[in-house]
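Convention: sequence-line order gives letters A, B, ...; per-chain numbering from 1. Computed from a prediction, not measured in an experiment: that's the story for all the values here.
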Amino acid sequence: MPELPEVETIVRNFRPRLVGQRIASFNTSWPKSITPSFPRVRSALTDRSITALTRRGKFIVLHLNDASWLLVHLRMSGRFEWAADAPRRPNHIRSTWRFTTGEKLYFCDARKFGRITHTHDLAIATADLGPEPLARNFTPTALRTILKQRRRQLKPLLLDQSVIAGLGNIYTDEALHRAGLHPATTSDRVSATQSERLHESIRSVLRLAIRNHGTSIDWIYPGGWMQKRLRVYGRTNEPCRTCGTPIKSLRIAQRGTHICPKCQPKNGHKRTRRRKRSTKG
DNA sequence: TGAATTGTTATCGT
DNA sequence: AACGATAACAATTC
């Protein structure tokens, strides 16, 4: 559930108190979530200091003082919690960091899908992630190239972390609506103008969501208010904020998908068919 | 109670 | 072979 803006918010929130801490001990009650293995990660972490906290796609990256890294992926329901900040002992604690200051950090995860990975080579660990959509090198041309290189429906293409890192179900739907594109549109049929609009939509919706500290949909991720600004996600049958047409929910690539049928027409308004056929032999 | 939820991976087909 | 579509899966909530 947490996507790029939520992960970015978490990183910003935890950075001041986490960076500089030295790990006294690390423990888990769910070793399946730890890679390469709990004993190896425990010894890699013990007595190390955290020198920086960053984000790559939906991964939280803890930089350690021996030039190794700990990657945390929240998947659906993962979250961090400082023991001292919790009014009572949190539910679903899976892993615990104890620091030399005496502070304790919990990794809580109701659904146990979250993953914690230690690596000595960050580049290898993140090798199959696509570009950061908010980075300078993610230009309109870069997106145009991505769309033309493939021939896939836009929705699963944008959800694919190896294509672009950080988009999930919410912001994919939001970006496509803002760009006026139907999620089932085939990527190589997106025009240059549409591609440029999609590029702008992706970046502006992510920036807006970060400014709003992410989307709080349910119990999983509290604290954000981007849900007030969403235009399609979770708004089935509610009026489109652009044209008033009821938002429709459909299923694309086994994912719940939300569109405005008027703002995001299936084939655009032009060319509804193509005749070209491969004649290579 | 079981349908819904998401990102990743394995598998199947072209 | 490379790519794209699809199914399965992790486990829990409401």
A:Arg94 has its side chain closest, among C:dT12, C:dA10, C:dG4, to C:dT12
The nucleotide from C:dA5, B:dT6, C:dT13 with an atom nearest the side chain of A:His92 is C:dT13
Separation of C:dC3 atom C1' from A:Ile146 atom CD1, nearest Å, is 16 Å
Check: Base, sugar-phosphate, or nothing: which does A:Tyr233 touch, judged by heavy atoms less than 4.0 Å apart?
Finding: sugar-phosphate
Worksheet item: Under 4.0 Å between a side-chain N/O of A:Arg152 and OP1 or OP2 of C:dA5, yes or no?
Response: yes
| request: Looking at every strand, decide which applies to A:Gly256 at a 4.0 Å heavy-atom threshold: base, sugar-phosphate, or nothing. | output: nothing
A:Gln254 CD to C:dA5 P, in whole Å, measures 11 Å
In whole angstroms, the gap separating P of B:dT5 from CD of A:Glu6 amounts to 17 Å
To the nearest angstrom, the CZ-C1' distance between A:Phe113 and B:dT8 comes to 11 Å
Side-chain contact check for A:Lys112: nearest option of B:dT6, C:dT12, C:dA5 is C:dT12
A:Asp160 CG to B:dT6 P, in whole Å, measures 16 Å
Does a side-chain N or O of A:His73 approach OP1 or OP2 of B:dT6 to a distance below 4.0 Å, or not?
no
Ring centres under 6.0 Å, that's the criterion: do A:Phe113 and A:His73 meet it?
no
| query | Can you tell me if A:Arg144 uses its side chain to pair, donor with acceptor, with the backbone of A:Val190 under 3.5 Å? | reply | yes
Pairing of A:Arg56 and A:Glu132 as salt bridge, 4.0 angstrom limit | yes
Residues passing the salt bridge (Lys or Arg N to Asp or Glu O under 4.0 Å) test with A:Arg115, sequence neighbours excluded, are none
A:Ile34 atom CD1 is separated from C:dA10 atom P, nearest whole Å, by 18 Å
Rounded to whole Å, NZ of A:Lys155 lies from C1' of C:dG4 at a distance of 17 Å
So side-chain hydrogen bond (donor to acceptor under 3.5 Å, both in side chains) across residues 161-176 of chain A, not counting sequence neighbours, yields A:Glu6-A:Tyr171, A:Lys155-A:Asn169, A:Lys155-A:Asp173, A:Asp160-A:Ser162, A:Tyr171-A:Thr215, A:Asp173-A:His258, A:Glu174-A:Arg178
Winner on side-chain proximity to A:Ala110, out of C:dA11, C:dT12, B:dT5, is C:dT12
Rounded to whole Å, the CZ-P distance (A:Arg75 to C:dA11) equals 11 Å
Inset, instruction - For A:Arg115, report the nucleic acid contact type (base, sugar-phosphate, nothing); a contact means any heavy atom under 4.0 Å. - result: nothing
